[in-house]
Enquirer: 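Following this message is one structure expressed as structure tokens.
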Amino acid sequence: MGGRLGLKLAPVLMRSCLRPTFLRTAHSGSYSLRQIWPSLCPKLPLTDAVSLVSRRYSSTKSTAKGAVSDLERRIAAIPIERFRNFCIVAHIDHGKSTLSDRLLEITGTISSSDSNRQILDTLEVERERGITVKAQTCTMIYNHNGLDYLLHLVDTPGHVDFRAEVTRSYASCGGALLLVDASQGIQAQTVANFYLAFAEGLKIIPVVNKIDMMAADVPRVLEQLETTLELDSSKAIGVSAKTGLNVKELLPVVVENIPAPMGDESKPLRMLLVDSWYDSFRGVVCLVRIFDGTVKAGDNIISFATDNKYTVGEVGIRYPTQVPQTILRAGQVGYVIFNPGMKKIQDAKIGDTFTTVGSENVVEPYPGFEEPKPMVFVAAFPTDPGDYSRLADSIGQLVLNDRSVTLFKDHSEALGAGWRLGFLGSLHCSVFQDRLRQEHGASIIITEPAVQTKVVWQDGTESVLQSPADFPEMEEGRSRGATYYEPYVLATMTLPQEYLGRAIELCEAGRGEQDSIEFFHGSQVILKYRIPTAQLVDDLFGKLKGATKGYATLDYEDAGWRESKLVKLQLLVNKMPVDAISRVVHLSQVERLGRQWVTKFKEHVQRQMFEVVIQAAVGKKIVARETLKAFRKDVLAKLHASDITRRHKLLEKQKEGRKKLRAVGNVVIEQEAFQKFLAK
Ligand code: GDP
Ligand code: MG
């Protein structure tokens with residue numbers, strides 16, 4: 001690459017102007033250096049100089065130049081037969097992160113002084129909730145009987161909302177460590193994820209963790225492995241991820257039992273997108289598994305899902321930080337950054353296949369790609385309208401990092417300008433909300449999660465509505481002859497037989513319709529119900545776990561639209577609708593929910609100089625009512641009318657200083673009231 005002058009210039013550039021911020025401008029091509037570069041350095045293209053420098057910037061102390069090439073040489077010498085790609089399947093808190101760290105230490109990928117740091121869990125909320133939302137991977141080199149093995153540990157999200165992502169992660173593996181806490185035994189999630197992994201044909205190695213604990217009951221776990229999952233428990237390995245006891249035994253078992261990936265590096269590129277994230281310096285980073293062929297900087301590749309073409313800017317491995325490599329080949333799991341970068345993270349579609357431009361017709365994309373579909377929607381508003389742009393920035397930043405969130409602008413009479421956000425499921429939604437709240441505390445109001453509604457109008461046209469505001473009022477002309485549909489899911493629940501009665505009760509109460517019951521292994525039941533998605537969103541999983549002492553697993557798939565008696569329930573304050581509190585609900589829920597709303601809202605509204613009437617209504621029909629009495633010493637009661645105008649004047653004055661107050665008609669409501677009302 002480049003002439004002598006170019007190579008001389010590169011370090012100069014590095015010192016002077018090629019800071020990461022500059023790199024971004026150079027990447028996007030907007031900097032004038034692009035124009036002057038050819039005269040400065042005719043032999044070295046600017047893009048090469050930039051990637052040369054950016055490679056320097058992305059490397060860390062452990063990956064200094066010499067180390068990188070040593071590492072590369074070592075990797076290049078390992079044939080695909082000595083690759084092992086695996087993941088850890090576990091219930092939350094059973095020790096997946098702790099064990100991952102121990103494995104990174106044993107293989108020398110990190111030093112043990114880095115411990116207590118759960119290297120693979122990067123986001124704070126994830127660590128707090130013990131949920132890994134984004135799948136991450138790490139490459140390790142392990143020497144077994146004098147031979148180097150290239151291991152890829154692929155981290156997986158642990159919840160059904162992210163099922164597509166879990167499946168993609170499994171697709172890049174040959175086997176899985178099934179990790180079970182010796183004191184807890186096999187839990188709901190373990191079973192669900194075990195079946196997913198099993199269905200993907202992964203070789204399963206049972207591992208019993210936390211054997212150091214007093215409460216450890218290893219024989220019980222071994223029996224559960226046999227009876228619940230039909231695994232050979234004599235093959236199970238007992239470890240303590242925390243103390244490191246016996247963890248050394250695991251890698252030889254991985255090497256000897258998990259099959260090497262299949263793949264042919266002489267074939268055209270076939271590359272599966274497993275995960276993606278946004279790096280503020282580098283743009284969209286794609287985590288990929290190479291099935292066939294090789295990929296390196298400068299390659300022109302094309303996406304099967306979007307038909308978009310890209311030029312590869314950099315390839316590398318996670319070790320555990322991003323370490324650039326000259327090439328990734330069949331069997332490897334690594335990252336790819338495009339140059340120019342992918343514009344939106346939404347273009348990085350999990351499960352998409354890429355190939356080299358020109359090979360589109362000879363390469364078969366990896367099967368089963370599905371666009372993620374948002375199922376749950378919330379609206380978010382700033383408490384203080386002055387915060388709008390600050391919040392917009394931060395929501396934008398969060399969406400940048402989560403390709404499965406959809407974002408639209410929204411507006412509410414009571415709460416002003418805001419956003420409507422769509423999520424894959426209720427956990428996905430609540431993790432995102434937590435992130436927003438963590439950053440913005442009291443300055444954001446988030447409405448209750450809701451699902452979409454479909455309306456078929458009298459003339460046969462259809463609309464899919466995301467916001468209750470778009471739902472027609474009963475008295476509106478356009479509602480005549482309209483039929484309404486709500487989304488359903490087919491929920492598959494696995495639970496011990498003794499809880500069957502309670503689970504059925506729960507599903508029936510949630511307007512579910514039984515699909516099938518199947519008994520297996522004597523004591524376990526697989527129960528299938530068609531159930532409104534709204535019920536799923538209303539914490540069906542939580543309720544189910546409550547009814548089964550945590551033993552039930554829940555999985556679901558889209559089951560299409562069903563005609564339904566849907567109406568819009570609306571909260572009124574002194575006859576004025578509060579549009580932020582309205583919901584499309586099934587007719588059967590109207591009374592109960594209406595009553596709940598008025599009681600709860602009354603608690604949070606402060607007394608006024610006059611009487612406040614809080615009502616829940618469907619169209620003109622009032623279904624529930626509460627009255628908030630005026631202050632006792634309301635000496636101005638007789639001057640009611642003038643009092644209201646004075647209040648209005650006062651309100652005008654307050655506008656600047658106290659934005660926390662919102663007026664609904666003549667009633668002043670504190671933002672806090674909305675917040676408290678909408679909080680669970
Ligand atoms: P994850 O949710 O599966 O990633 O679980 P973590 O690795 O975060 O572990 C959950 C908790 O269990 C942490 O407090 C760990 O310190 C603890 N833990 C993990 N492995 C062991 C172990 O072998 N013995 C004991 N006593 N505690 C462990
Ligand atoms: Mg973890």
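For clarity, every value in this text was computed on a predicted model and none was experimentally measured. Just follow the structure's listing: the first ligand is 1, and inside any ligand the first atom is 1. Just so you know, these numbers use all the heavy atoms, side chains as well, and skip hydrogens, waters and symmetry mates.
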Enquirer: Any ring pair (Phe, Tyr, Trp, His ring centres under 6.0 Å) involving residues 197-230? Give me the pairs, sequence neighbours left out, ordered by first then second residue.
Expert: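 Pairs touching residues 197-230 that pass the test: Phe194-Phe198.
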Enquirer: Looking only at distances, please establish whether an N/O atom of ligand 1 is found under 3.5 Å from an N/O atom of Ser240.
Expert: yes
Enquirer: Does Met213 reach ligand 1 with a nitrogen or oxygen that is under 3.5 Å from one of the ligand's nitrogen or oxygen atoms?
Expert: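 Checking ligand 1 against Met213, no N or O pair falls under 3.5 Å apart.
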Enquirer: Does Arg530 make a cation-pi contact with Tyr488, if we ask for NZ or CZ under 6.0 Å from the ring centre and within 45° of the axis?
Expert: no
Enquirer: By the side-chain hydrogen bond (donor to acceptor under 3.5 Å, both in side chains) test, which pairs, at least two apart or in different chains, include something from residues 200-211?
Expert: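 Checked against side-chain hydrogen bond (donor to acceptor under 3.5 Å, both in side chains) - neighbours excluded - the pairs reaching residues 200-211 are Asp181-Lys210.
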Enquirer: If hydrogens are left out, which of Ile88, Thr98, Asn209 has an atom nearest to atom 6 (P) of ligand 1, that is, the closest non-hydrogen atom?
Expert: Thr98
Enquirer: Numbering the atoms of ligand 1 from 1, which are under 4.0 Å from a heavy atom of Asp212?
Expert: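 So the atoms of ligand 1 that pass are 22 (C), 23 (O), 24 (N), 25 (C), 26 (N).
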Enquirer: Taking only heavy atoms of Lys96 into account, list the atoms of ligand 1 that are under 4.0 Å away from them.
Expert: 1 (P), 3 (O), 4 (O), 5 (O), 7 (O)
Enquirer: If we only count N/O pairs under 3.5 Å, is Ala241 in contact with ligand 1?
Expert: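 Ala241 vs ligand 1: N/O contact under 3.5 Å present.
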Enquirer: Quick one: which of Lys210, His91, His94 has a heavy atom closest to atom 11 (C) of ligand 1?
Expert: Lys210
Enquirer: Please determine if Arg502 and Glu505 form a salt bridge, counting it only when a charged side-chain N lies under 4.0 Å from a carboxylate O.
Expert: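 No salt bridge links Arg502 with Glu505.
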Enquirer: Counting C-beta onward and ignoring hydrogens, is there a side-chain heavy-atom pair between Arg102 and Val239 closer than 4.5 Å?
Expert: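 Not touching, per the 4.5 Å side-chain cut-off.
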Enquirer: Measure from the side-chain N and O atoms of Glu223 to the backbone N and O of Arg220, and report whether any donor-acceptor pair falls under 3.5 Å.
Expert: no
Enquirer: Parallel, tilted or perpendicular: which one describes the rings of Phe354 and Phe338, with boundaries at 30° and 60°?
Expert: tilted
Enquirer: Under 4.0 Å from a heavy atom of Ser97: which atoms of ligand 1 are those, numbered in the order shown and with their elements?
Expert: 1 (P), 4 (O), 7 (O)
Enquirer: For Asp93, counting its heavy atoms only, list the atoms of ligand 1 lying under 4.0 Å from any of them.
Expert: 1 (P), 2 (O), 3 (O), 5 (O), 10 (C), 12 (O)
